[in-house]
Amino acid sequence: MSRPLVVDVHTHVYPPSYMAMLRARKTVPYIHDPASGEPRLIILSSDDDPSIPIDERGRPVDTSYSDIDVKLAFMQQHGINSSVISLANPWLDFLDPAEAQQWAERINNDLEETCAQNNKSSDPDNSLPLKGRSTLFAFATLPLSAPSADIIVNEIKRLKTLPHIRGVIMGTSGLGNGLDDEALGPVWAALEETQFLLFLHPHYGLPDEAFGGPEVTKRYGHVLPLALGFPLETTIAVTRMLLSCVFDKFPRLQILLAHSGGTLPFLAGRIESCIMHERKFVANGGDVPGPQRSIWEILKTNIFLDAVVYGTAGLKAAVAAGEGTDRLMFGTDHPFFPPLNEGEKEWISVTTNYKAIDATFAGEKEAVAAVLGGNAARILKLE
Ligand code: URA
Ligand code: ZN
């Protein structure tokens, strides 16, 4: 099928330098090389279960995680014109404070260089339209464990000088205390000032107890942590931002929520209602300064959603939350969720999302074009 411009805003890489760092580690996150067979990526805390033989822990990690040519072949295979690549979880969250700044600069320079080289070799005069070539842009990573917020702010400012960086990716732990931490103020201010898009992505999930204990989690592999833990983690993180008035204090903050906002579009009304009924908030006679702006307004002005939700019900909720199709952007979550059968070229995780978009916007050509790439090209200024 011929498609309009397709931009993938949710697609990860581990640059070779990061892979080498993971290989040198023995605690989560790390890469283990078995005597035979593929290396294993052990990044979730539930992956590192001592009752599982080390050669079977986590998931296989192949060249699709680090080789940009494999990403470009994947893009070609799935009709993707442009990818906004981001470091995958857990980013630099776990680093010793003294190492964070250096690693952030190194990874971000690697990402910039990868994009620059690719875009130049595919179009030396930079004259072709986006639709006619394979281009790369990037969301950078932040040194969140650095000893001071100034180091993070300085990196955000430095990123503005790198021409292919279009925003930053971040997990939900912030400086270690979650995203309602007042100490994040200077970071929100710098993101607001630079108008970088903040791609908020889960990693930590929920405690095993939420699923019935570690035995239950283990019984079903990655299903409970990834299908439920990840989206709820995102929902909790952004709700804590809302409750701590981040969007009142930084009204121009622009956030892209992974996985169509977790469960935020579906739960927005309930969150708003609970805020309205909460007596702790000043508005209701309490002493806690509750949020001033409504969640519906924030969804329309501060929040963008990716379309990585694998079904029409989720997409409809996402569109309803943003009151239109202009805040929704296609993504794949590559290289996670590869086909299970050897030699299979088409990724069912990608075709499911394409089909959901086609079915949700059947007969609405402009909406399909906006979600597949038009929105991303406009919002991220890719042309
Ligand atoms: N699993 C992960 O650990 N990260 C993703 O982004 C997707 C699946
Ligand atoms: Zn992802």
Side-chain angles (χ1 to χ4, degrees), residues 7-15 18-19 22 25 28-32 39-49 57-62 64-66 71 74-75 78 80 83-94 107 111 137-141 166-173 197-206 208 211 217 220-235 237-238 255-264 304-310 314 318 328-340 347-350 352-353 376:
V7 179
D8 183 356
V9 299
H10 188 154
T11 179
H12 303 294
V13 288
Y14 289 130
Y18 188 90
M19 294 286 279
L22 291 188
R25 292 172 54 87
V28 165
Y30 65 101
I31 288 176
H32 166 70
R40 310 288 299 184
L41 177 66
I42 296 112
I43 52 170
L44 305 181
S45 59
S46 59
D47 288 344
D48 202 28
D49 181 338
R57 278 183 217 164
R59 56 196 124 183
V61 54
D62 63 15
S64 63
Y65 283 79
S66 53
K71 170 97 58 201
F74 163 85
M75 288 167 62
H78 294 89
I80 296 163
S83 287
V84 188
I85 56 178
S86 52
L87 186 66
N89 49 301
W91 313 284
L92 306 177
D93 288 9
F94 53 91
I107 297 286
L111 291 175
F137 297 88
F139 291 128
T141 193
R166 289 299 190 271
V168 297
I169 186 166
M170 194 195 275
T172 62
S173 60
L197 188 64
L198 165 63
F199 181 17
L200 181 59
H201 190 291
H203 169 70
Y204 298 94
L206 296 179
D208 282 336
F211 305 123
T217 311
Y220 306 112
H222 282 120
V223 174
L224 293 169
L226 292 186
L228 304 181
F230 266 32
L232 283 161
E233 176 192 350
T234 307
T235 311
V238 70
I255 304 193
L256 167 63
L257 296 181
H259 314 124
S260 296
T263 62
L264 190 70
F304 299 93
L305 304 173
D306 72 22
V308 185
V309 71
Y310 312 100
L328 193 58
M329 297 182 259
F330 175 78
T332 62
D333 225 344
H334 181 265
F336 297 102
F337 308 112
L340 292 177
W347 289 38
I348 192 170
S349 53
V350 178
T352 305
N353 277 321

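Here, residue 1 is the first one in the sequence, and each next residue gets the next number. Values below: all heavy atoms of this structure, side chains included; hydrogens, waters and symmetry mates excluded. In each ligand, atom 1 is the first atom listed, and ligand 1 is the first ligand listed.
- Under a 4.0 Å criterion applied to the non-hydrogen atoms of Ile43, ligand 1 contributes the atoms 3 (O).
- For atom 8 (C) of ligand 1, the nearest non-hydrogen atom of the protein is Phe336 CG, 3.5 Å.
- Listed by atom number, the atoms of ligand 1 under 4.0 Å from Leu226 heavy atoms are 1 (N).
- For atom 1 (N) of ligand 1, the nearest non-hydrogen atom from the set Arg59, His201, His12, His259 belongs to Arg59.
- Side-chain atoms of Arg166 never come within 3.5 Å of backbone atoms of Leu197 as a donor-acceptor pair (strictly under, hydrogens ignored).
- Remark: the backbone N or O of Tyr310 is not paired with any side-chain donor or acceptor of Thr352 at under 3.5 angstrom.
- Taking the N/O/S atoms of Asp333 in turn, the shortest distance to the Zn ion (ligand 2) belongs to OD1.
- For ligand 1 and Asn89, the ligand atoms under 4.0 Å from any heavy atom of the residue are 2 (C), 3 (O), 4 (N), 5 (C), 6 (O).
- For ligand 1 and Asp333, the ligand atoms under 4.0 Å from any heavy atom of the residue are 5 (C), 6 (O), 7 (C).
- In terms of distance to the Zn ion (ligand 2), the nearest N, O or S atom of His12 is named NE2.
- Shown in contact with Phe337 at under 4.0 Å from a heavy atom are these atoms of ligand 1, numbered in order with element: 7 (C), 8 (C).
- Within the 4.5 Å cutoff, no side-chain heavy atoms of Leu41 are placed close to those of Asp47.
- Side-chain atoms of His12 and His201 form a donor-acceptor pair, as typed in the model, at a separation below 3.5 Å.
- By the 3.5 Å distance cut-off applied to N or O atoms, His10 is not counted among the residues near ligand 1.
- The atom of His201 that is an N, O or S and sits closest to the Zn ion (ligand 2) is NE2.
- In this structure, Asp306 contributes its side chain and His259 its backbone to a donor-acceptor pair below 3.5 Å.
- No other N/O/S atom of His10 lies as close to the Zn ion (ligand 2) as NE2 does.
- Formation of a donor-acceptor pair under 3.5 Å by the Asn89 side chain with backbone atoms of Trp91 is not found in this model.
- Between Val61 and Met19, some side-chain heavy-atom pair lies under the 4.5 Å cut-off.
- The backbone N or O of Leu87 lies less than 3.5 Å from no partner atom in the side chain of Thr141, so there is not a single donor-acceptor pair.
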